[in-house]
Trainee: 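Here you go, one structure.
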Amino acid sequence: MDTATYDVVVIGAGPVGENIADRVAQGGLSAAIVERELVGGECSYWACMPTKALLRSATALRAARQVPGAREAVTGELDAQAVLRRRDSFASNWKDDGQVAWLGQAGISLYRGQGRISSARVVEVTGEDGATTALTARHAVVIATGSGALVPGIAGLREAAPWTSREAAAASAVPGRLAIIGGGVVASEMATAFAGLGASVTMLARDGVLPHAEPFAGERVVESLRDSGVSVRLGAEAGSVKRDDGGTVSLTLTDGEQVEADELLVAIGRTPNTGDIGLDRIGLTPGAWLTVDDTMRVLGDDGAPIGDGWLYAAGDVNRRVLLTHQGKYQARAAGDVIVARAKGEAVEDGRWGRHAATADERAVPQVVFTEPEIASVGLTAAAAAAAGLRIRVVDHDLGAVAGSALHADGYRGQARMVVDEDRKVIVGFTLAGPDVAELLHAATIAVAGEVPLDRLWHAVPAFPTVSEVWLRLLEAYGR
């Protein structure tokens, strides 16, 4: 068995693992990263980038058709194959040469294969040829293996070879009929994407559409999906699934109704990629989510760091927030704190400290790239009330802002801010409307910075922009 020693060993070379290794290297420590698939991870090849590429062309076409002058210039329909080719380019044609080259430039060593923790600070990497290399970490081992699609135990489902988010993101053709089990972010975005590409889509949303967002967000997305021809079945649940010899998928719903499709996408949640990384060797449960403190150190059942605190976990695998940007935020905190601890420097792990991922609690931004887009940060009104806050909810018609009228004829949207009345700060903000994603960061700053409302009053939005909604919301609050 070959051996090597580094200051830090990272298992998983997705965006989170890459960022941790980079921060460590920038801090002057040596780093090795282990990857069993493509360097760049889920986001680069099967999630964020390719899925948004699938959505963008139809969004641009809809936008053009909402503006007189541009509308008349649009003479054709969406070219699905051109969309798929553009998607391929954003997934780097599922080759990781560029990402591998970046690792080399950053001074990070790459080991390809399955990484498993064999003992404290030791990771054994088994390559495709069966050869094993033992990597010893002087200071820390970091688990950044992410998550995979959850496939429920519906009768016949696995045998029917359904799509998960990966197959949907990498589809080489648009199915004539697509059925989707789920109503969350992935389900809603892929229903939007494939309907735009010409598929006949049926969506089985047992728990509703975007159930964790403000209610008006899900309602507007359902309305839009139905307007685009998607059959949205709220409360519907699949009881069994079967694929026949010709490839047709038949779903029998729990109420007895039959749904047929050419492909079936399952998008009901995620499961941690921890089943084969050696957790049992250090007293943890294989296949389980990992619990961490705010600096991403893994905690045991007793609530104390594993061993002397050598094990970290960042990104989806710790279940704090399953979003790429939030995982990268955790990576920055973890990478920097590993360097600080290794060098005996001060650790800033208090609330909003440099080495603590405090924003995971109540300042998480998210954009759902449906039609309309849903952009949110912080708590919904229901979540804020459940947290015991004394709140006031302020809504405004986003379409009534001058910038929105200029943006598109018939612009429809809604904005909501949730105010903590005791502290007079915003704790939640949601926007629903065309192209609202780029408006979100102002709200994120307000929530994360806990900016008092009387100071926000002096943040004057430029006219005529959609951002003027901030003034309208603050005016409504002051009445």
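Worth saying up front: this structure is predicted, and the values here are computed from it rather than measured. We number each residue from 1, following the sequence as shown.
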Trainee: Test your reading of the model: is there a side-chain donor-acceptor pair from E35 to the backbone of A13, 3.5 Å cut-off?
Mentor: yes
Trainee: Minimum heavy-atom separation for F194 to A168, with atom names?
Mentor: CZ-O, 3.6 Å
Trainee: Listed by chain and number, what are the side chain to side chain contact (heavy atoms under 4.5 Å, CB included) partners of T164, not counting sequence neighbours?
Mentor: A149, V151, R166, E167
Trainee: Could you check if a side-chain atom of R36 sits within less than 4.5 angstrom of a side-chain atom of R112, using non-hydrogen atoms only?
Mentor: no
Trainee: Do N273 side-chain atoms and T145 backbone N/O form a donor-acceptor pair below 3.5 Å?
Mentor: yes
Trainee: Under 4.5 Å between any side-chain heavy atoms of V436 and V466, yes or no?
Mentor: no
Trainee: Any sub-3.5 Å donor-acceptor pair from H325's side-chain atoms to P365's backbone N or O?
Mentor: yes
Trainee: Tell me whether the count of non-hydrogen atoms from other residues, nucleotides or ligands lying under 6.0 Å of NZ in K95 goes above 12.
Mentor: no
Trainee: Do any pairs count as a side-chain hydrogen bond (donor to acceptor under 3.5 Å, both in side chains) and have a residue in residues 274-286, sequence neighbours left out, and if so which ones?
Mentor: R116-D276
Trainee: Could you report the tightest heavy-atom contact between L204 and A238, atom names first, then the distance?
Mentor: CD1-CB, 4.5 Å
Trainee: Using the salt bridge (Lys or Arg N to Asp or Glu O under 4.0 Å) criterion, which residues pair with E421? Sequence neighbours excluded.
Mentor: K424
Trainee: Which atom names give the shortest non-hydrogen contact between V292 and A313, and what distance separates them?
Mentor: CG1-O, 3.5 Å
Trainee: Strictly distance-based, threshold 3.5 Å: is any side-chain N or O of D96 a donor or acceptor partner for the main-chain N or O of Q99?
Mentor: no
Trainee: Which heavy atom in L210 sits nearest to a heavy atom in G218, and how many Å separate them?
Mentor: CB-CA, 4.3 Å
Trainee: Considering all heavy atoms of both residues, which atom of G350 and which atom of A356 are nearest to each other, and what is their separation?
Mentor: O-CB, 3.5 Å
Trainee: Checking E214 side chain against A381 main chain: does a donor-acceptor pair fall under 3.5 Å?
Mentor: yes
Trainee: Are the side chain of Q366 and the backbone of S376 linked by a donor-acceptor contact shorter than 3.5 Å?
Mentor: no
Trainee: Please assess D79 against R86 for the test salt bridge (charged side-chain N to carboxylate O under 4.0 Å, His left out), listing each intermediate value before the final yes or no.
Mentor: CA-CA 11 Å; D79 184 333; R86 184 171 188 264; over 6 Å; no
Trainee: Between I391 and A384, what is the shortest heavy-atom contact and its length?
Mentor: CG2-CB, 3.8 Å
Trainee: Hey, can you tell me if Y6 and Y111 have their rings parallel, tilted or perpendicular (30° and 60° cut-offs)?
Mentor: perpendicular
Trainee: Apply the test salt bridge (charged side-chain N to carboxylate O under 4.0 Å, His left out) to residues D420 and R423: give CA-CA distance (whole Å), side-chain angles for both, the deciding distance (0.1 Å), then the verdict.
Mentor: CA-CA 6 Å; D420 180 340; R423 294 185 297 144; 2.9 Å; yes
Trainee: Is it the case that the side chain of T370 and the backbone of E189 share a donor-acceptor pair, with hydrogens and angles ignored and the cut-off at 3.5 Å?
Mentor: no
Trainee: Would you check, one step at a time, whether the test salt bridge (charged side-chain N to carboxylate O under 4.0 Å, His left out) holds for E18 with K328?
Mentor: CA-CA 9 Å; E18 287 179 321; K328 292 164 71 172; over 6 Å; no
Trainee: Do the side chains of V125 and Q114 get nearer than 4.5 Å, heavy atoms only?
Mentor: no
Trainee: When you measure from the side chain of R121 to the backbone of V141, do you find a donor-acceptor pair of N or O atoms at a distance under 3.5 Å?
Mentor: no
